[in-house]
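Letters A, B, ... are given to chains in the order of the sequence lines, protein chains preceding strands, and every chain is numbered from 1.
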Amino acid sequence: MLSRRDFLKVLGLFASFPLIGGLLKKYKSQTKITPPPPPQKFTDTPQDMLGGEVIKVEGRQIKVRTVQGIQTVVLASNVVIDEGAWTAAFPITPGDQLFMVGHATPQDWVADKVWVNAVNITGEIRKCYLKGQEVVCEIKTTRPLQNKNILQAWLPRKFLIDKDFNPALGISLKLWQDKLFTLKEGAFVRVVGRMYKGRLCIINIFDEE
Amino acid sequence: MGAGVYGNASWYSLCNGSNGACGDCNNWSYHLAWPELTTTGCDFDCDDVNPPAACGSIVYIYDYCTGQGYWGRVKDCLPDTANPSNCNRRTCCKGNCEYSSTFRRAIADLTQGMWYKIHGSFWSDGRIKVWIYVY
């Protein structure tokens, strides 16, 4: 039986061999990141991000309640909503929570990218079914969302790959950037998407197990 | 002298500027939730790997997927690893997901602002490999 000290000696000897030493160095270079020194002056609230609740929408102009007060935001002519996901077609309405990336001008704050009611939840898929032109799944979430533990999540039927719908075998979907995913009842998943009218619009799903 | 830890991080969007364990967590700031918060005494971290940090502590977060790192401030107490499966999670990079023992523990939840700064897309990956250094 080697003592801890002897073990470390042996390990040091092995590490001195060129091949093993090289491998150790390679592993080290892949994982070790030396942190930069802490900034002298750190601003944790950047000028190019803004968030808050929508109060009023007038064309491309949106009034948003932020921590600093009411801010008028103008959507840029080439604004990207929800990274261009299918949910981007839904209108922005009062009460929505926005996260925006953009820049301030002397008059307004111009939003180049906007995410609306973005959420990231985990939970167990209870059941999935077809309803009209929608694939609907009920998810038991690990934390309540809008005071509910059972969340209805859905996406348009056009994302369904197999036209023969059989939840017991799994439902194959084409998700964000054509990623394929098979939904199975009982699976524990992470779902990212946008809340709209009390339901979660599915944009992407990840296995959490 | 600080300390670093390997693990994974996800994002959340609940901070409204006047909530979170520290009372001033902003979704649109470089803020994050840390599971061993000395200010409130919360201690949720997997295998006790997270170095202790107080409200307002500055940390450096490095994303192994994008190769981007930036500073953030601890403002909340998450993830809740009372569920032990949170200590054994897969991570993703540009849609490709895998299990890695080095990065299996959930060590932080990032606000949308923090996540955007180091990772960009909210949809491509739900959980990423990170290294976090507490100053």
Check your understanding: Are more than 12 heavy atoms from other residues, nucleotides or ligands located less than 6.0 Å from atom NZ of A/Lys184?
Key ->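 Atom NZ in A/Lys184 is not crowded, with 12 or fewer foreign heavy atoms closer than 6.0 Å.
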
Is there side-chain contact between [X] and [Y], with at least one heavy-atom pair below 4.5 Å?
| X | Y | result |
| --- | --- | --- |
| A/Thr43 | B/Tyr30 | no |
| A/Pro35 | B/Tyr62 | no |
| A/Trp115 | B/Ser13 | no |
| A/Arg143 | B/Leu78 | yes |

**Study point:** Salt bridge B/Arg89-A/Glu208, side-chain N to carboxylate O under 4.0 Å
**Key:**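 Salt bridge: yes.
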
So for [X], is it side chain, backbone, both, or neither that comes closer than 4.5 Å to the heavy atoms of chain A?
| X | result |
| --- | --- |
| B/Asp24 | neither |
| B/Lys75 | side chain |
| B/Tyr99 | neither |

Winner by heavy-atom pair count (cut-off under 4.5 Å) against chain A, out of [options]:
| options | result |
| --- | --- |
| B/Gln112, B/Met114, B/Arg90 | B/Gln112 |
| B/Tyr116, B/Trp11, B/Tyr60, B/Tyr70 | B/Trp11 |
| B/Gly113, B/Gly17, B/Gly4 | B/Gly113 |

Identify which part of [X] has an atom lying under 4.5 Å from any heavy atom of chain B, answering side chain, backbone, both or neither.
| X | value |
| --- | --- |
| A/Leu50 | backbone |
| A/Phe42 | both |
| A/Val101 | side chain |
| A/Thr66 | neither |

Practice item. Show your working on side chain to side chain contact (heavy atoms under 4.5 Å, CB included) between A/Val119 and B/Tyr12 and close with a plain yes or no. Key: CA-CA 7 Å; A/Val119 292; B/Tyr12 71 127; over 6 Å; no

Point to revise | Short side-chain to backbone donor-acceptor contact, B/Trp123 and A/Asp82, under 3.5 Å | key: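 Side chain of B/Trp123 to backbone of A/Asp82: a pair is present.
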
**Study point:** A/Thr45 (side chain) donor-acceptor with B/Ser29 (main chain) under 3.5 angstrom
**Key:**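 No, A/Thr45 side chain to B/Ser29 backbone: no donor-acceptor pair under 3.5 Å.
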
Check your understanding: Strictly by modelled atom types, are A/Asn120 and B/Ser10 linked by a side-chain donor-acceptor pair under 3.5 Å?
Key ->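 Short answer, yes.
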
Check your understanding: Would B/Ser121 and A/Glu83 satisfy side chain to side chain donor-acceptor pair (under 3.5 Å), going step by step from the backbone distance to the final call?
Key -> CA-CA 8 Å; B/Ser121 173; A/Glu83 296 179 48; 2.7 Å; yes

